[in-house]
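Just so you know, ligand 1 is whichever comes first in the structure, and atom 1 is the first atom listed for that ligand. One-based numbering along the sequence shown.
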Amino acid sequence: MALFMSSTRTIPASTDVPRHIAIIMDGNGRWAKQRLLPRIAGHQRGVETVREMVKACRQIGVEYLTLFAFSSENWRRPADEVSFLMQLFLKMLEREVGKLNDNNVRLKIIGDLARFDEQLRQYITEAEQLTSANDGLTLTIAANYGGRWDIMQAVEKLWQAQPQTQGNLNDEALEPFLSMNYAPEPDLFIRTGGEQRISNFLLWQLAYTELYFTDTLWPAFDRSALDVAIQSYQKRERRFGRTSEQLTENK
Ligand code: IPE
Ligand code: IPE
Ligand code: MG
């Protein structure tokens with residue numbers, strides 16, 4: 001639980017390889033539309049990119065990869081697309097978990113799972129249990145996730161566990177109750193598909209994350225595109241509130 005390191009309380013060590021990459025996988029629908037295919041064909045192809053990113057992150061030595069698969073606002077989409085996405089998620093869990101386990105990947109699902117059907121919730125629990133002891137890459141899938149929901153559920157849990165914190169709320173007490181309490185904050189955020197917004201992803205955890213936006217659509221994003229994003233990250237000066245001079249003096 002204590003793994004969450006707050007960038008606003010302690011300055012994290014900046015490593016050349018980002019320890020944690022968080023991605024908004026956007027642009028599946030447009031990718032399909034460009035090819036005169038139905039939107040769901042884009043989601044299907046997007047799964048290939050997920051596989052490629054998991055492999056690449058293991059090779060590069062990234063410790064945590066977090067992927068936004070379905071937002072708390074994506075229920076607003078047409079019912080048939082929502083149902084396709086749910087089925088795709090279930091199929092992915094069925095098909096891929098054994099392989100992830102063989103590759104020492106620990107799988108985590110974050111989000112408000114209460115809205116999912118019983119079968120899907122069962123698979124999620126089993127997949128997490130099966131891979132829980134793995135110490136290679138930690139792959140987190142954010143499903144029915146919303147950054148605001150995350151903060152609210154953390155406050156509720158904290159107040160239940162420690163009623164004395166009501167009227168005395170502080171971030172250190174809250175952080176163990178956030179969904180990603182097992183991971184350091186993301187070093188690098190990537191959004192594909194051209195939009196420059198957070199869309200209610202990890203609001204709390206992105207406080208000091210380096211943001212990277214690319215026009216490349218998710219199904220077309222590949223290992224070399226990831227390398228470009230990491231190179232961009234490596235050129236950034238992460239100051240965490242300090243001056244540039246302070247950073248060079250400390251070297
Ligand atoms: C991202 O691609 C996948 C999900 C949100 C599930 P989109 O489906 O948002 O693709 P665009 O943005 O319409 O191209
Ligand atoms: C964000 O993409 C959510 C996921 C990738 C799961 P959206 O396509 O839903 O975001 P908006 O609606 O363009 O902000
Ligand atoms: Mg989109």
Results of salt bridge (charged side-chain N to carboxylate O under 4.0 Å, His left out) for R242 - residues two or more places apart only: none
G147 backbone acceptor or donor facing D150 side chain under 3.5 Å: no
Presence of salt bridge, K99 and E96, under 4.0 angstrom: yes
Can an N or O of G29 be found at a distance shorter than 3.5 Å from an N or O of ligand 1? yes
Hey, is K33 touching ligand 1 through its side chain, its backbone, both or neither, going by heavy atoms under 4.0 Å? neither
Answer yes when E48 and R45 have at least one side-chain N-carboxylate O distance shorter than 4.0 Å, and no when they do not. no
Any side-chain heavy-atom pair from D227 and R223 closer than 4.5 angstrom? yes
N74 N/O under 3.5 Å from ligand 2 N/O: yes
How far is atom 14 (O) of ligand 2 from its nearest protein heavy atom, and which residue and atom is that? S199 OG, 2.6 Å
Nearest atoms (heavy-atom pairs only) where L158 meets A173: CD1-O, 3.5 Å
Contacting atoms of ligand 2, where contact means under 4.0 angstrom from a heavy atom of I24: 1 (C), 5 (C)
re atom 13 (O) of ligand 2, the protein heavy-atom contact at minimum distance is R197 NH2, 2.8 Å
Verdict with supporting geometry, S199 and R191, side-chain hydrogen bond (donor to acceptor under 3.5 Å, both in side chains): CA-CA 10 Å; S199 299; R191 182 174 186 143; 2.8 Å; yes
Give me the nearest non-hydrogen protein atom to atom 7 (P) of ligand 2 as residue plus atom name, then the distance to 0.1 Å. R77 NH2, 3.8 Å
Answer yes or no: is there a donor N or O on one side and an acceptor on the other, between the side chain of D26 and the main chain of G193, under 3.5 Å? no
Under 3.5 Å, N or O to N or O, is D26 touching ligand 1 that way? yes
If we check side chain to side chain donor-acceptor pair (under 3.5 Å) with S244, which of these qualifies: E249, E237, R239? E237
Does ligand 1 have any atom that is closer than 4.0 Å to a heavy atom of G27? yes
Take the angle between the ring planes of W75 and F70 and call it parallel below 30°, perpendicular above 60°, tilted in between. perpendicular
Quick look: E195 vs ligand 1, heavy-atom contacts under 4.0 Å, and the answer is neither
With heavy-atom distances below 4.0 Å as the criterion, list the atoms of ligand 1 near A69. 6 (C)
Ligand-side contact atoms (ligand 1) for residue partner R30, heavy atom cut-off under 4.0 Å: 11 (P), 12 (O), 14 (O)
Considering non-hydrogen atoms of the protein only, which is the closest contact for atom 1 (C) of ligand 1, and what is the distance? M25 O, 2.9 Å
Considering only NZ, NE, NH1 and NH2 on the basic side and carboxylate oxygens on the acidic side, decide whether E94 and K91 come within less than 4.0 Å. no
Strictly under 2.8 Å, how many protein N, O or S atoms lie near the Mg ion (ligand 3)? Waters don't count. 1
Does R191 have a non-hydrogen atom less than 4.0 Å from ligand 2? yes
Which bit of F70 is near ligand 2, meaning a heavy atom under 4.0 Å away: side chain, backbone, both or neither? backbone
Just say parallel, tilted or perpendicular for the rings of W149 and Y145, cut-offs at 30° and 60°. perpendicular
Side-chain contact test, heavy atoms from C-beta onward, threshold under 4.5 Å: evaluate it for I109 versus F89 and give yes or no. yes
